[in-house]
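All remarks here apply to the structure that follows.
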2 protein chains.
Amino acid sequence: MQVDERKQRILEALILDYIATGDPVGSRTIARKYKLGVSSATIRNEMADLEELGFIEQPHTSAGRIPSEQGYRYYVDCLMELKPLADSMKRYVQDVLVDRVRETEALIQLTSKLLSQLTNYTAIIMAPNYGKNILRHVQLLSLENNRIVLVIVLDNGHVEHRTLDFPTQFEEKDLQTLSYILNRHLRGLSLEQWKAGIFQEIYNELDYQKRFLNQVIELLENVMSVEHESKVYLGGTLNILNQPEFRNVEKVKELFELLEEERVLKEVLSTGPSVGLTVRIGSENPYEGMKNCSLITAAYEVDGNPIGTLGVLGPTRMEYSKSVSMVEFFTTVLADALKKVK
Amino acid sequence: MQVDERKQRILEALILDYIATGDPVGSRTIARKYKLGVSSATIRNEMADLEELGFIEQPHTSAGRIPSEQGYRYYVDCLMELKPLADSMKRYVQDVLVDRVRETEALIQLTSKLLSQLTNYTAIIMAPNYGKNILRHVQLLSLENNRIVLVIVLDNGHVEHRTLDFPTQFEEKDLQTLSYILNRHLRGLSLEQWKAGIFQEIYNELDYQKRFLNQVIELLENVMSVEHESKVYLGGTLNILNQPEFRNVEKVKELFELLEEERVLKEVLSTGPSVGLTVRIGSENPYEGMKNCSLITAAYEVDGNPIGTLGVLGPTRMEYSKSVSMVEFFTTVLADALKKVK
DNA sequence: TTTAGCACTCAAGAGAGGAGAGTGCTAACA
DNA sequence: TGTTAGCACTCTCCTCTCTTGAGTGCTAAA
């Protein structure tokens, strides 16, 4: 059976109506609301065909039809027109994000907040990962009780710190010397550029407290490698509760449990292709708890390199057209904003 | 009317049964389950009295009774016996928290997780605030694009950083000198100890770039004062969804919206007395969205000074006896753990 | 090929009736 | 005087039935 143009228009009308109302759509509704120039009986016949093709389904005999996942897929791939976004909104977002925020973390948080507010869904953003973490500065400081704090600053402005205990008391001066030597050898290098040779040189310069030095270096390597996987930020989680498909607390719980796990979010964001935009509908998502959800993700780039992903999570009955436009728009804005921050 | 001992025992039985089952409790149930040595008719008479006194109420004529807020209050104040906690559980918690965790933030997070798991309610913990933030170290570092990162380490091991732009390019060396001078003057002092005189001295030492210095100092003051108010950590938020009183998504949303606001959490935790344990039942809570909840909070201390608060949020139909024991226990464990960390 | 007409289906809502839990009251009992 | 058994009464909840309305598929005519 062919999917001719009339079938397409009926399918589109049905999907748009269902997205707008949430109720199964009948042939009469389509005939009345969307002037297709044919009677409801004709639409009925076409709908029977569309059902046979697997694009729509009936919750029960005497209800209207609702789109199947396959129907949404066809709509997204072939029928959907991107919704143009209001210039005023665009300007507002650009204004807020590009010029006002200076710190990466605050920027991402604000972005996720805006994205969720403007879509009314949940925003997920993976923080930018510039590939190599280049060491900018190491500093060892002693605190009370033999505790020592190791502060590490990366080239992109990221700051990490770790505390370590060490049985022996250290002289402030020793720590300063150590910091100095570590900086001299390691500054400007990424983890990959550290070679065994470097440490040999460091060892040679200060052969006291080798055990301590080892511990510090281990921690350093740790931080430098961990930073490789970026944090994920969520915005507007509670928007999910506005969706009628999540009136049921069990479902909410199932989904929220997934969203609480950073591992899941990362997986969900990183399974798409690293360029372009992905729409994952219902059970195309890897997790059972997301089978009623659709996820739109896209990578954002700086200098042509994809450095992170952002997306929007909503019910399968989602405003795809608006959401896709929004996600696309936000990738460009975030990229711009990051360029300024960097 | 007197609240004699029999009334007390009936009230207690009713509350315990209602907490356990969630269903309104009838006179027959009490007579059957709790051997009070009197018939259901007698209990019925007593219950009529208890209702008149305002301790219990009827959802409708032919249902059993449920405790009123006043009833819970009387129970908590006069009847409740603290539930003894299993030694094995105590040992486990002590083991996990006191020796294994080194960083304050990780410690608080783990504590909130454990507290929520062991109570099945939501844990709220205000991070310790030792009163004065004493500066341990300041470091200025230049990044790309005229950006400068200011790293601040406090005496308690807390590390903060801020990024700032400044139109002029800085020499690495200048920043080092500046860091050095700042450290020499400010290290070991708390914000309160900074006096105008100090800055005069600093200005005298480097009269170049006074504007930049001002900006740095402003940022420093900012961080030092902000640290005064502690962060709040939540654990087990989703436990709320297990409660039958939160089957309704609207209610869930209302509560979650409150919990998302740090301001609210802080207020809720800090309105109690700074020592001892507080139980706030239902509408005794300051927020409308918490009128179905009870909150048990207690301050935890180090060296005799209350430095933070922790608590448990559950439905008014809460296992008060177990939860109070648990909150009390956790204040001591957290205090112990913090002593080790500090 | 399209459309009007019609019989049919099914969910959802309204209403009726019964079961069950619980109450308050009364009168008898210790 | 306090306690208890008995009983009528109340109200929710569940089930069953009936009705309504939206929507369908099929058929025959245009």
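Keep in mind the model is a prediction, meaning the values are calculated, not measured. Protein chains get the first letters and strands the later ones, always in sequence-line order, with residue 1 at the start of each.
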Seminar exercise, completed: Distance col, row A/Ile10:CD1 vs A/Ile15:CD1, nearest 0.5 angstrom, shows 12.5 Å

Problem set entry | Test item: B/Val252 and A/Val252 side chains (from C-beta on) under 4.5 Å apart, heavy atoms | no

Problem set entry | Spacing between A/Tyr18 atom OH and D/dG23 atom P, to the nearest angstrom | 14 Å

Exercise. Is any side-chain heavy atom of A/Ile296 less than 4.5 Å from a side-chain heavy atom of A/Met326?
Worked result: no

For this session: Ignoring hydrogens and angles, tell me if any N or O in the side chain of B/Glu284 forms a donor-acceptor pair with the backbone of B/Ile281 under 3.5 Å.
Result: yes

Seminar exercise, completed: Rounded to whole Å, CG of B/Asp4 lies from P of D/dT1 at a distance of 17 Å

Problem set entry | Per-nucleotide protein contact string for nucleotides 11-30 of chain C (B base, S sugar-phosphate only, - none; heavy atom under 4.0 Å) | S---------BSBB------

For this session: Please state how far atom NZ in A/Lys7 lies from atom P in C/dT2, giving the value in whole angstrom units.
Result: 10 Å

Problem set entry | Interatomic distance where CG belongs to A/Asp23 and P belongs to D/dG21 [whole Å] | 17 Å

Exercise. Can you list the residues that meet the salt bridge (charged side-chain N to carboxylate O under 4.0 Å, His left out) rule with A/Glu260, with sequence neighbours excluded?
Worked result: none

For this session: May I ask you to decide if the ring planes of A/Tyr320 and A/Tyr72 are parallel, tilted or perpendicular, using 30° and 60° as cut-offs?
Result: tilted

For this session: To the nearest 10°, let me know how far the axis at one end of the helix from C/dT1-D/dA30 to C/dA30-D/dT1 is tilted from the axis at the other, five pairs an end.
Result: 20°

Exercise. From A/Glu51 CD over to A/Glu46 CD, what is the distance, rounded to the nearest 0.5 angstrom?
Worked result: 13.5 Å

Exercise. Rounded to whole angstroms, how far apart are CD on B/Glu46 and C1' on D/dT4?
Worked result: 13 Å

Exercise. According to a strict under-4.0 Å criterion, is B/Thr42 in side-chain N/O contact with OP1 or OP2 of D/dT3?
Worked result: no

For this session: Taking A/Ser68 for its side chain and A/Gly54 for its backbone only, find out whether a donor-acceptor pair lies under 3.5 Å.
Result: yes

Exercise. Given atom CG of A/Asp17 and atom P of D/dA22, what is their separation to the nearest angstrom?
Worked result: 15 Å

